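Everything below concerns the one structure shown next.
First listed ligand is number 1; within each ligand, the first listed atom is number 1. All values reported here derive from a predicted model rather than from experimental measurement. Sequential numbering from 1 along the given sequence is applied to the chain's residues.
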Amino acid sequence: MTSGSHVASAQPAKASSAAWTSSRPPLLRFLDRCHADFVAETGGDVARYIPELSKADPSHFGISLATLDGHVYEVGDTKVPFTIQSMSKPFVFALALDTLGAERVESVIGVEPSGDPFNSIRLNAENHPFNPMVNAGAIACSGLVHEAKGAGAFEHIRRELSRFAGRDLGVDEAVYRSESLTGDRNRAIGYLLRTNAVIKDNVAEVLDVYFRQCAILVTARDIAIMAATLANRGINPVTGEQVTTPYAIARTLSVMTSSGMYDYAGEWIYRIGIPAKSGVGGGILSALPARLGLGSYSPRLDRHGNSVRGIRVCAALSRHYDLHMLNRSDDA
Ligand code: GLU
C-alpha cells in the first residue's frame with residue numbers, strides 16, 4: 001500500500017462503546033449498523049458443490065468499502081481469506097480485452113444475458129458463450145489468455161488480479177484440487193467450446209487455468225479495493241497504479257451490469273443499481289463508477305448462489321446513500 005492511503009478502523013460493530021462510536025466516521029457507523037443488523041440473518045447455506053467449500057464457516061461476515069481517494073473502511077471479518085470463484089470473471093475478461101484486443105474477444109464471446117444458470121452448457125445461436133460472466137464465457141476468456149501467454153497464463157492472471165488488489169494474491173491449493181477433481185461439467189463446456197473453435201488450445205490446460213483462477217484467495221478488503229479499481233477507470237485508488245485501460249473497464253462494468261449476479265442480475269440492477277459480481281465462495285463485489293468499491297464476505301448463499309447477507313448490505317447501502325446508478329442528476 002502506498003503511504004498516501006488511509007485505512008479506517010477494522011473493529012467489528014459489537015466492540016463499539018458509546019464514546020468510540022461517536023468518534024467513528026458516519027460511513028463506518030453505517031457499515032457497523034449493517035453488520036450488526038444483518039449478522040442476525042441466518043438464511044441460506046454455504047456452497048456444497050465441492051467438499052472444500054462446504055467447510056466454510058457460515059458465521060463469517062465482513063464488509064469493506066473503498067473510496068476513490070484510497071480510504072478503506074472495514075467492519076467484521078474483512079481479513080478472512082476465501083476463494084474468489086466467479087468474481088475472477090470480470091477481471092479476466094478485462095485482461096483478455098487488454099491482452100488480445102476487443103475484436104478478437106468479441107469474435108468469440110457475446111455480451112447478452114443468457115437467462116440460464118451460470119454453469120449452463122447452452123451456447124448462443126453462433127455457438128459462442130452468451131457472455132463472459134457465465135462459466136462458458138469465463139472459460140473462453142481463460143482460453144484467450146492461454147492463447148496469448150501459453151504456460152504462463154495462470155501466473156499472468158494471478159499477477160494482474162494482484163495489481164487490482166494492491167497485494168500479492170495466493171491460491172487455495174485444496175480448493176483448486178477439489179475443483180479440478182469434480183469439474184467435469186466445466187470440462188464438458190471446454191470441449192464444446194473447442195469444437196466450436198472458441199478455444200484453440202489444449203482444453204485440459206485451459207481448464208487448469210480456469211480452476212486455478214477460481215481458487216485465488218482474497219479478503220473482503222481485497223475485493224473492495226479491486227471493485228474500487230473498476231470504479232476508478234482502472235486506477236487502483238490505494239496504490240495509484242493504472243492496472244487496466246478505461247476501455248476494458250467500461251466493457252467489464254457493462255457485462256457486470258447485465259449478467260453479474262447469476263440469474264438474479266435483472267432484479268439486482270433494478271433494485272440496487274450498482275454493477276456487481278458475486279462468487280459461490282460468498283463474496284460480492286460491487287463497483288459504482290466514479291464513487292466506490294464495496295466488498296462483502298458471508299458464505300451463506302441463496303438459491304441463486306448469491307451471498308444472503310451480502311445482498312442485504314448492498315441493498316441497504318444503495319438505499320441509504322441513494323446510489324442507484326440510474327438515479328443521478330448532473331450535480332450529484
Ligand atoms: N469454480 C466455480 C465453477 O466454475 C465458480 C462458480 C461461481 O462462483 O459461480 O463452477
Side-chain angles (χ1 to χ4, degrees), residues 44-56 81-93 109 113-122 129-143 145-146 154 157-158 161 169 171-193 199 203-204 206-218 220 222-223 226-227 255-256 259-265 268 276-286 295-308 310-311:
D45 196 9
V46 301
R48 300 205 180 274
Y49 74 97
I50 54 171
E52 279 307 312
L53 285 184
S54 66
K55 294 180 188 161
F82 60 98
T83 51
I84 191 167
Q85 298 293 346
S86 275
M87 291 185 299
S88 64
K89 292 172 180 173
F91 300 102
V92 179
F93 176 58
I109 306 173
S114 68
D116 291 335
F118 71 98
N119 59 359
S120 166
I121 297 189
R122 194 166 71 96
F130 280 89
N131 66 68
M133 300 295 104
V134 291
N135 283 13
I139 293 166
C141 285
S142 308
V145 176
H146 190 272
F154 173 70
I157 289 172
R158 193 195 62 77
L161 266 62
L169 300 176
V171 171
D172 186 324
E173 290 295 334
V175 170
Y176 157 69
R177 273 194 304 277
S178 205
E179 294 271 359
S180 182
L181 279 171
T182 59
D184 286 344
R185 192 178 176 91
N186 285 325
R187 283 193 186 88
I189 292 173
Y191 284 104
L192 185 64
L193 294 176
I199 289 181
V203 173
V206 171
L207 263 293
D208 195 65
V209 173
Y210 176 73
F211 292 139
R212 274 189 191 279
Q213 90 186 39
C214 286
I216 286 177
L217 282 166
V218 287
D222 291 328
I223 55 174
M226 296 171 88
V255 291
M256 286 167 65
S259 310
M261 296 296 283
Y262 303 118
D263 27 1
Y264 186 69
W268 171 273
K277 183 76 201 86
S278 60
V280 293
I284 298 183
L285 155 153
S286 312
S296 64
Y297 171 54
S298 167
R300 292 177 176 280
L301 309 180
D302 66 15
R303 66 191 169 87
H304 300 290
N306 296 318
S307 166
V308 173
I311 288 191

(message) Could you check whether any side-chain heavy atom of Val280 comes within less than 4.5 Å of a side-chain heavy atom of Tyr262, counting everything from C-beta outward?
(response) yes
(request) Using a 4.5 Å cut-off on heavy atoms from C-beta on, say whether the side chain of Ile284 contacts that of Met261. (result) yes
(message) When you measure from the heavy atoms of Tyr49 to every atom of ligand 1, does any distance fall below 4.0 Å?
(response) yes
(request) Answer with side chain, backbone, both or neither: which part of Cys214 has a heavy atom less than 4.0 angstrom from an atom of ligand 1? (result) side chain
(request) Determine whether Phe82 and Val175 make a side-chain contact, defined as any pair of heavy atoms from C-beta on separated by less than 4.5 Å. (result) no
(message) If you define the side chain from C-beta out and look only at heavy atoms, does anything of Ile121 sit under 4.5 Å from Arg185?
(response) yes
(message) Which heavy atom of Ser278 sits nearest to which heavy atom of Gly305, and what is that distance?
(response) OG-O, 4.4 Å
(request) Taking only heavy atoms of Glu179 into account, list the atoms of ligand 1 that are under 4.0 Å away from them. (result) 1 (N), 2 (C)
(message) What I'd like to find out is whether the side chain of Ile84 reaches to under 4.5 Å of the side chain of Met226, using heavy atoms alone.
(response) yes
(request) Tell me which protein heavy atom sits closest to atom 4 (O) of ligand 1, plus the residue, atom name and distance to 0.1 Å. (result) Tyr210 OH, 2.6 Å
(request) Using a strict 4.0 Å cut-off to heavy atoms of Asn135, name the atoms of ligand 1 that fall inside it. (result) 3 (C), 4 (O), 10 (O)
(message) Quick check: do Val206 and Ile139 have side-chain heavy atoms less than 4.5 Å from each other?
(response) yes
(message) Could you check whether any side-chain N or O of Arg212 sits under 3.5 Å from a backbone N or O of Tyr176, counting only pairs where one atom can act as donor and the other as acceptor?
(response) no
(message) Which of the numbered atoms in ligand 1 are under 4.0 angstrom from any heavy atom belonging to Gly279?
(response) 8 (O)
(message) At less than 4.0 angstrom from any non-hydrogen atom of Phe118, what atoms of ligand 1 do you find?
(response) 6 (C), 9 (O), 10 (O)
(message) If the cut-off is 4.0 Å to any non-hydrogen atom of Tyr262, which atoms of ligand 1 fall inside it?
(response) 7 (C), 8 (O), 9 (O)
(request) Measure the distance from atom 1 (N) of ligand 1 to every protein heavy atom, then report the residue, atom name and distance (to 0.1 Å) of the closest one. (result) Gln85 OE1, 2.7 Å
(request) For Val280, counting its heavy atoms only, list the atoms of ligand 1 lying under 4.0 Å from any of them. (result) 6 (C), 7 (C), 8 (O), 9 (O)
(request) Could you tell me whether some N/O pair between Lys89 and ligand 1 is separated by less than 3.5 angstrom? (result) no
(request) Take every heavy atom of Asn186, measure it against each atom of ligand 1, and state whether any distance is under 4.0 Å. (result) yes
(request) Before signing off on this row, confirm whether Ser278 and ligand 1 have an N or O atom pair separated by under 3.5 Å. (result) no
(request) Report yes if the side chains of Val134 and Lys89 come closer than 4.5 Å at any heavy-atom pair, otherwise no. (result) no
(request) Would you mind running through ligand 1 and noting each atom that sits below 4.0 Å from a heavy atom of Ser86? (result) 5 (C), 6 (C), 7 (C), 8 (O), 9 (O)
